[in-house]
Amino acid sequence: MKKLILASGSPRRKELLGNLGYEFEVITSEVDETLNVENDLVEEIKKLSYRKAYAVFKDHREAVVIGSDTMVTLDGKRLGKPHDEREAFDMLKTLSDNTHEVITAVTIISCEGHDTFANISKVTMSKMSDEEIYQYIKTGEPMDKAGSYAIQGLGSKFIKSIEGDYYSIMGLPVCDIYHKIDKYLK
């Protein structure tokens, strides 16, 4: 079986890929994460997942590499990781009592080729008071998360419903990867 590499430093992605039972290594690299806002957002996120995977693959051609990117959007507006507490507050206030999309794109790449795909889920959050938002921000959890929340963490108390793949919202569509990866590992 070929060596498997996860091209992401995300502890959540590491945990989720580990749930598949594969042994793998984590190797990250810096890539330009700029998205062309003129193009379709899903296609741009898929391209970014490819760039992340390829940046590691080009130095590890004997391996199978998985790259991924997750974006939270509301009414076509991208909500990335907040730069400060004020931006986190503004994002959470916007998401409060609203439904947004979480797009996770993945690229699996090897010498045999690559597969790039996206999973789109919808998340509805309950109404949050300003005080609840401030208290959540004080925990520090929102500060390194797209959309300023973690569905699997303290932010779970604000999740009213989801439509789609829970694990994709966390950052890696485990079922999709499970059904696609074996042809690359052999």
Side-chain angles (χ1 to χ4, degrees), residues 6-8 10-22 33 35-50 52-53 66-82 87-108 114-133 135-137 139 141-182:
L6 176 62
S8 172
S10 162
R12 291 162 302 287
R13 288 190 180 111
K14 183 178 177 184
E15 174 189 349
L16 291 172
L17 187 58
N19 288 343
L20 290 177
Y22 297 112
E33 295 196 22
L35 302 178
N36 184 339
V37 295
E38 304 291 318
N39 294 340
D40 178 75
L41 184 58
V42 174
E43 290 305 312
E44 285 295 301
I45 296 169
K46 286 166 62 175
K47 288 177 189 174
L48 180 53
S49 78
Y50 180 85
K52 287 180 175 184
I66 298 174
S68 184
D69 194 68
T70 299
M71 180 67 63
V72 174
T73 67
L74 178 63
D75 299 328
K77 182 181 178 197
R78 298 178 300 166
L79 303 175
K81 295 177 184 177
E87 189 174 16
F89 177 86
D90 291 343
M91 279 189 215
L92 290 166
K93 190 74 173 168
T94 301
L95 296 175
S96 174
D97 201 27
N98 228 325
T99 299
H100 61 276
E101 289 187 336
V102 179
I103 305 163
T104 295
V106 175
T107 294
I108 303 170
H114 75 277
D115 194 354
T116 301
F117 56 94
N119 187 299
I120 303 172
S121 301
K122 293 183 185 224
V123 179
T124 301
M125 297 187 90
S126 64
K127 186 161 183 59
M128 295 177 270
S129 69
D130 289 358
E131 183 59 31
E132 287 174 312
I133 293 172
Q135 290 300 318
Y136 181 47
I137 291 170
T139 70
E141 184 178 85
M143 300 316 297
D144 68 342
K145 310 290 186 296
S148 299
Y149 75 94
I151 194 168
Q152 76 282 5
L154 300 172
S156 63
K157 64 187 168 194
F158 303 119
I159 306 302
K160 194 180 220 177
S161 66
I162 67 168
E163 181 183 322
D165 181 353
Y166 173 79
Y167 299 107
S168 183
I169 297 166
M170 281 180 65
L172 207 62
V174 177
C175 185
D176 291 341
I177 290 171
Y178 174 74
H179 288 287
K180 292 176 186 285
I181 199 163
D182 278 346

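- Under the 4.5 Å side-chain criterion, counting only non-hydrogen atoms from C-beta, S8 is not in contact with K14.
- Distance check, rounded to the nearest 0.5 Å: CE of M91 to NZ of K81 gives 11.0 Å.
- Contact between E141 and G153 at its shortest, heavy atoms only, is OE2-CA, 3.4 Å.
- To the nearest 0.5 angstrom, C175 atom SG is 16.0 Å from Y166 atom OH.
- Shown here for P173 and V106, the closest heavy-atom pair between the two residues is CD-CG2, 3.5 Å.
- Nearest heavy atoms, M143 versus A88: SD-CB, 4.0 Å.
- Screening T104, L35, I120 for a side chain to side chain contact (heavy atoms under 4.5 Å, CB included) with I45, the sole residue that qualifies is L35.
- When each of D165, I103, I169, T70 is tested with N119 by the rule side chain to side chain contact (heavy atoms under 4.5 Å, CB included), just one qualifies, namely D165.
- Side-chain contact between T116 and S49 is present, with at least one heavy-atom pair separated by less than 4.5 Å.
- From I133, atom CD1 reaches atom OH of Y149 across 13.5 Å, with rounding to the nearest 0.5 Å.
- In terms of heavy atoms, E132 sits closest to M128 at OE1-CA, 3.3 Å.
- Heavy atoms of other residues, nucleotides or ligands lying less than 6.0 angstrom from OH of Y178 number 12 at most.
- Contact of the I181 side chain with the Y22 side chain is registered, since non-hydrogen atoms from C-beta on lie closer than 4.5 Å.
- Between P142 and Y136, some side-chain heavy-atom pair lies under the 4.5 Å cut-off.
- To the nearest 0.5 Å, atoms CD1 (I66) and CG (D115) are separated by 11.0 Å.
- Between D69 and E33, the closest side-chain pair of non-hydrogen atoms falls below 4.5 Å.
- Atom NE2 in H100 sits 11.5 Å away from atom NZ in K122 (nearest 0.5 Å).
- Other residues, nucleotides and ligands place no more than 12 heavy atoms under 6.0 Å from the OH atom of Y167.
- In this structure, R12 does not pair ionically with E15, as no charged nitrogen and carboxylate oxygen lie closer than 4.0 Å.
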task: Any chance you could lay out the side chain to side chain contact (heavy atoms under 4.5 Å, CB included) test for I159 and M125, step after step, and finish with the verdict?
output: CA-CA 5 Å; I159 306 302; M125 297 187 90; 4.0 Å; yes
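- Partner of M71 under the side chain to side chain contact (heavy atoms under 4.5 Å, CB included) criterion, out of R78, E101, E44: R78 alone.
- Counting heavy atoms from C-beta on, the side chains of K47 and N39 come closer than 4.5 Å.
- The CZ atom of R13 sits 10.5 Å away from atom CE of M170, with the distance rounded to the nearest 0.5 Å.
- Counting heavy atoms of neighbouring residues, nucleotides and ligands inside a 6.0 Å radius, atom NZ of K77 does not exceed 12 of them.
- Of all heavy-atom pairs between S68 and G171, the closest is OG-O, 3.3 Å.
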- request: Could you check T94 against L74 for side chain to side chain contact (heavy atoms under 4.5 Å, CB included), going step by step and ending with a plain yes or no?
  value: CA-CA 8 Å; T94 301; L74 178 63; 3.1 Å; yes
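- Pairing each heavy atom of S121 with each of S168, the nearest pair is OG-CB, 4.4 Å.
- L20 places a side-chain heavy atom less than 4.5 Å from the side chain of L17.
- Heavy-atom neighbours of D40 CG from other residues, nucleotides or ligands within 6.0 Å: above the threshold of 12.
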field: From CA spacing to verdict: side chain to side chain contact (heavy atoms under 4.5 Å, CB included), L79, L95
entry: CA-CA 10 Å; L79 303 175; L95 296 175; 3.6 Å; yes
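- Within the 4.5 Å cutoff, no side-chain heavy atoms of V102 are placed close to those of I151.
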